[in-house]
Amino acid sequence: MKSEPDEASIDHLAHAAHHTLPWTGVRNYQARNFMRDMMQVGDGVLFYHSSCPEPGIAGLAEVSSTAYPDPTQFDKKSPYFDPKSSQETPRWLLVDVVFKKKIPLIPLAALREHEELKDMRVLARGNRLSITPVSEAEWRFIIKRLA
DNA sequence: GCCAACGTTGGC
DNA sequence: GCCAACGTTGGC
């Protein structure tokens, strides 16, 4: 799961109440569907810092809720407000994410060096999804070899 | 700041 | 349903 560290970094997560943050602001249908259809409580999360001086995996977290409506879509003062959404038929969902651990940054360039990770969705050419699946093999490799 | 890549919008 | 225009993402 990608986040801009200016907005929500691994340190923010570590210091949040209950070490938990709602993953607000996803406004892409594919990313939303991953949360809705594929994520379960207890799933591992690679916390990725994007759009920053050192992009890469900065920590480990866990999904701690199933998907539910993102309240910011109803908030006129929020940058994530969506006038086309309604309480009755919410368009955007989120999951809660709980902190597990901070790790020495695994830079994007390091991820790209490993043959084992060449098919990682987040590394695919032109990928713009902020949430992408990680295979079992990719997860194990990152945890054992890089984290 | 640049720019490639991709998603969304909206006219037709 | 097509597709051009536009906006956004995100690494560099």
Side-chain angles (χ1 to χ4, degrees), chain A residues 1-16 20-40 43-135 137-143 145-147:
Chain A
M1 298 178 84
K2 289 187 198 172
S3 180
E4 300 187 15
D6 287 349
E7 297 290 323
S9 70
I10 190 71
D11 291 319
H12 289 128
L13 184 62
H15 298 117
T20 299
L21 287 174
W23 205 262
T24 53
V26 171
R27 295 294 181 268
N28 169 284
Y29 289 104
Q30 237 183 313
R32 179 202 68 183
N33 294 348
F34 284 141
M35 292 194 284
R36 185 188 63 193
D37 303 333
M38 301 178 71
M39 287 183 156
Q40 297 178 294
D43 282 353
V45 171
L46 302 171
F47 195 114
Y48 182 95
H49 286 176
S50 69
S51 295
C52 58
E54 287 191 301
I57 298 170
L60 306 178
E62 225 172 72
V63 173
S64 61
S65 79
T66 52
Y68 64 95
D70 179 346
T72 63
Q73 71 195 299
F74 309 123
D75 178 2
K76 283 192 176 152
K77 286 171 295 191
S78 168
Y80 299 122
F81 176 67
D82 183 349
K84 294 184 199 155
S85 190
S86 71
Q87 297 273 357
E88 294 72 30
T89 54
R91 178 174 301 206
W92 304 113
L93 305 174
L94 57 71
V95 295
D96 290 338
V97 170
V98 61
F99 176 80
K100 283 289 156 185
K101 91 195 252 200
K102 187 174 178 178
I103 62 173
L105 187 86
I106 310 171
L108 175 58
L111 294 172
R112 292 198 188 282
E113 283 171 6
H114 296 282
E115 176 73 10
E116 291 87 344
L117 303 179
K118 69 174 168 47
D119 294 328
M120 269 191 95
R121 189 85 170 264
V122 74
L123 305 181
R125 176 185 175 80
N127 172 65
R128 286 175 48 194
L129 280 176
S130 62
I131 299 177
T132 48
V134 178
S135 75
E138 290 158 356
W139 176 270
R140 280 196 302 272
F141 181 82
I142 289 167
I143 297 300
R145 298 279 309 281
L146 304 180

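Side chains included, hydrogens not; waters and symmetry mates left out as well; all remaining heavy atoms used.
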Enquirer: Is a donor from one side chain sitting under 3.5 angstrom from an acceptor on the other, for D75(A) and Y80(A)?
Expert: no

Enquirer: Counting only N and O atoms by type, is there a donor-acceptor contact under 3.5 Å from the side chain of S130(A) to the main-chain atoms of K2(A)?
Expert: no

Enquirer: Does the ring centre of Y29(A) sit less than 6.0 Å away from the ring centre of W92(A)?
Expert: yes

Enquirer: E4(A) and S50(A): side-chain donor and acceptor closer than 3.5 Å?
Expert: no

Enquirer: Determine, using ring centers only, whether F34(A) and W23(A) are less than 6.0 Å apart.
Expert: no

Enquirer: Base, backbone or nothing for each nucleotide of nucleotides 7-12 of chain C, written B, S, -, heavy atoms under 4.0 angstrom, 5' to 3'?
Expert: BBSBSS

